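All values derive from a computational prediction rather than experimental measurement. All residue numbers refer to positions in the sequence shown, counting from 1.
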Amino acid sequence: ARRQFEAVKQSNPPAHIMRDVTNYMAEMDGGHGGSLTGYVEAGLGHDNNVNSATGNGIIANPLFDPLDATSNPALLLDRNASQQSDMYDLLQGGLDYYRPLDSNTGIEAKGRIAKRDNFSSDRYDTMQYRGSVGVVQVFGKNQLRATLTAQDFRLSDSDFQELYGVSADWTHYNYGGWTVSGAVYFNELRYSEDSLRNVYQYLGNLAVQRQLGRMTHTLGLMLGDEDAQRAAGDHNAREFAGVYYDAGYELSGGHQLFGRAYWQDSHQDGEDPFFRQTRDDQFHQLSFGWNWHINKPLRLRTELVYSDNDSDVDYYSYDRTRLQTALRYSF
């Protein structure tokens, strides 16, 4: 029985199945044990826009004065402000710990680390540390969870962004192929080199998942609001709404196809101090990929992601394509 439970854990099952397996194994250990799982992953990829920048070499000058002979109608962007393409390698890992307090309540802790190094564009190398701790409570077919999260995001080996958050989520398992989930988040985002970008972030998400044979469909809605911590930073505050559709198809031999379509509309609260207008963006993203579970601990994942941001301020418009392959070992 223990070998079978370990096999289920390695298959990365849905949360409610993982919870039941963990509880059973804890009872086998006298009811006092916890479950520790984790993974390490390494991969290579190509990103045609590592800095999410415009592909235009020049943009309109908002300060242009036609009555001033010395005023330029356009601005020439330097290389760092324009689109840059590069290869990259990545290395990431994570640990998950779950300890049941009784048959319906447990404590979980998670840790993540991810590092991406571009071959040439070193100033856009990233490192991310993320940790969370939460309490999980089960009521019949419903699961409730409250979580505290902290994250440090570094750019070019320097502090860039910190996140501190609290969240609550709910999942209803129908066991007939339907799953409904919802979540609310409150985060504080801090930027080490520009305090005007600091915001309080409020997020809400609602999703419905349907399992039909080998096909899984998920439809979700996301709403968000970001309030500037300082009045002078209102141009960094925004409201946004997004919808997404995820699909997965199980093939034989441990193969799985998956895809996602995401659309988001956002509106900045304040006027951009340089371009002298408020900003409205529409963001679209399409992704498609393939998972191959080579054996219980090994998984190969290849993914193609296309992103497009259309802004009424041309400087913030861009498109981006990323292709990545990574091998993961789970334990």
Side-chain angles (χ1 to χ4, degrees), residues 1-25 28 33-48 86-98 108-119 125-130 132 173 177 179 209-218 244-262 285-307 321-331:
R2 184 180 297 278
R3 286 196 298 270
Q4 293 298 320
F5 285 143
E6 288 290 353
V8 173
K9 287 171 58 178
Q10 297 294 342
S11 68
N12 192 28
H16 64 290
I17 295 179
M18 179 67 84
R19 181 200 70 216
D20 291 342
V21 168
T22 300
N23 287 336
Y24 289 142
M25 295 188 71
M28 293 169 66
S35 170
L36 181 65
T37 59
Y39 69 90
V40 290
E41 182 172 285
L44 290 171
H46 180 269
D47 191 334
N48 80 334
D86 206 351
M87 294 285 295
Y88 65 88
D89 61 71
L90 64 95
L91 181 64
Q92 57 187 16
L95 288 174
D96 294 349
Y97 177 76
Y98 180 82
E108 65 177 13
K110 298 182 179 183
R112 299 287 186 270
I113 182 171
K115 179 177 176 61
R116 169 175 154 166
D117 289 323
N118 299 301
F119 286 13
D125 292 346
T126 61
M127 173 74 82
Q128 179 177 293
Y129 305 93
R130 185 180 181 91
S132 65
Y173 302 102
T179 302
Q209 185 178 93
R210 175 61 167 164
Q211 181 80 39
L212 292 171
R214 294 187 175 187
M215 193 79 179
T216 303
H217 305 270
T218 305
Y244 58 90
Y245 168 71
D246 295 340
Y249 185 77
E250 295 289 341
L251 301 170
S252 59
H255 299 277
Q256 179 194 47
L257 300 177
F258 62 89
R260 160 172 275 219
Y262 179 72
Q285 187 174 82
L286 293 172
S287 62
F288 179 79
W290 162 63
N291 276 325
W292 177 25
H293 292 273
I294 303 172
N295 53 40
K296 291 177 183 177
L298 285 177
R299 184 199 74 182
L300 184 68
R301 179 185 179 94
T302 299
E303 185 176 22
L304 176 66
V305 182
Y306 172 75
S307 305
T321 302
R322 177 174 58 86
L323 178 63
Q324 175 179 299
T325 298
L327 183 66
R328 173 178 292 202
Y329 177 81
S330 301
F331 55 88

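- The shortest side-chain heavy-atom distance between N48 and H46 falls under the 4.5 Å cut-off.
- For Q285 (side chain) and S287 (main-chain N/O), no donor-acceptor pair under 3.5 Å exists by modelled atom type.
- With salt bridges taken as basic N to acidic carboxylate O contacts below 4.0 Å, none links R214 and E250.
- Taking 4.5 Å as the limit, some side-chain heavy atom of L304 sits within range of a side-chain heavy atom of T321.
- Residues R116 and D47 have side chains in contact (heavy-atom distance under 4.5 Å, counting atoms from C-beta outward).
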Checklist entry - Could you walk me through whether E108 and Y97 pass the side-chain contact (heavy atoms from CB on, under 4.5 Å) check? => result CA-CA 5 Å; E108 65 177 13; Y97 177 76; over 6 Å; no

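- Within the 4.5 Å cutoff, no side-chain heavy atoms of L286 are placed close to those of Y262.
- One finds the NZ atom of K296 at 13.0 Å from the OG atom of S330 (value rounded to the nearest 0.5 Å).
- Nearest approach of Q324 to Y88, heavy atoms of both residues: OE1-OH, 2.7 Å.
- With hydrogens and angles disregarded, no donor-acceptor distance shorter than 3.5 Å links the side chain of N118 to the backbone of D86.
- Side-chain contact check for E41 versus R299: some heavy-atom pair is nearer than 4.5 Å.
- Between F119 and L44, some side-chain heavy-atom pair lies under the 4.5 Å cut-off.
- In this structure the side chain of Y98 never reaches within 4.5 angstrom of the side chain of K110, judged on heavy atoms.
- Side chains of I113 and M127 form a contact here, defined as non-hydrogen atoms less than 4.5 Å apart.
- Relative to the ring axis of Y245, R260 does not place its NZ or CZ within 45° and under 6.0 Å from the centre.
- Atom OH of Y249 sits about 8.5 Å away from atom CG of L257, to the nearest 0.5 Å.
- Atom CG of residue N291 and atom CG of residue L300 lie 8.5 Å apart, to the nearest 0.5 angstrom.
- For the pair R301 and F258, the cation-pi criterion (under 6.0 Å, within 45° of the ring axis) is fulfilled.
- Taken to the nearest 0.5 Å, the CG atom of L323 stands 12.0 Å off from the CZ atom of F288.
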Next on the checklist: Between Y244 and D246, does the side-chain contact (heavy atoms from CB on, under 4.5 Å) criterion hold? Intermediate values first, please.
Outcome noted: CA-CA 7 Å; Y244 58 90; D246 295 340; 4.0 Å; yes

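- The distance from atom CG of D117 to atom OG1 of T126, rounded to the nearest 0.5 Å, is 8.0 Å.
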Item to check | side-chain contact (heavy atoms from CB on, under 4.5 Å) between F331 and L95, intermediate numbers included | outcome: CA-CA 9 Å; F331 55 88; L95 288 174; 3.8 Å; yes

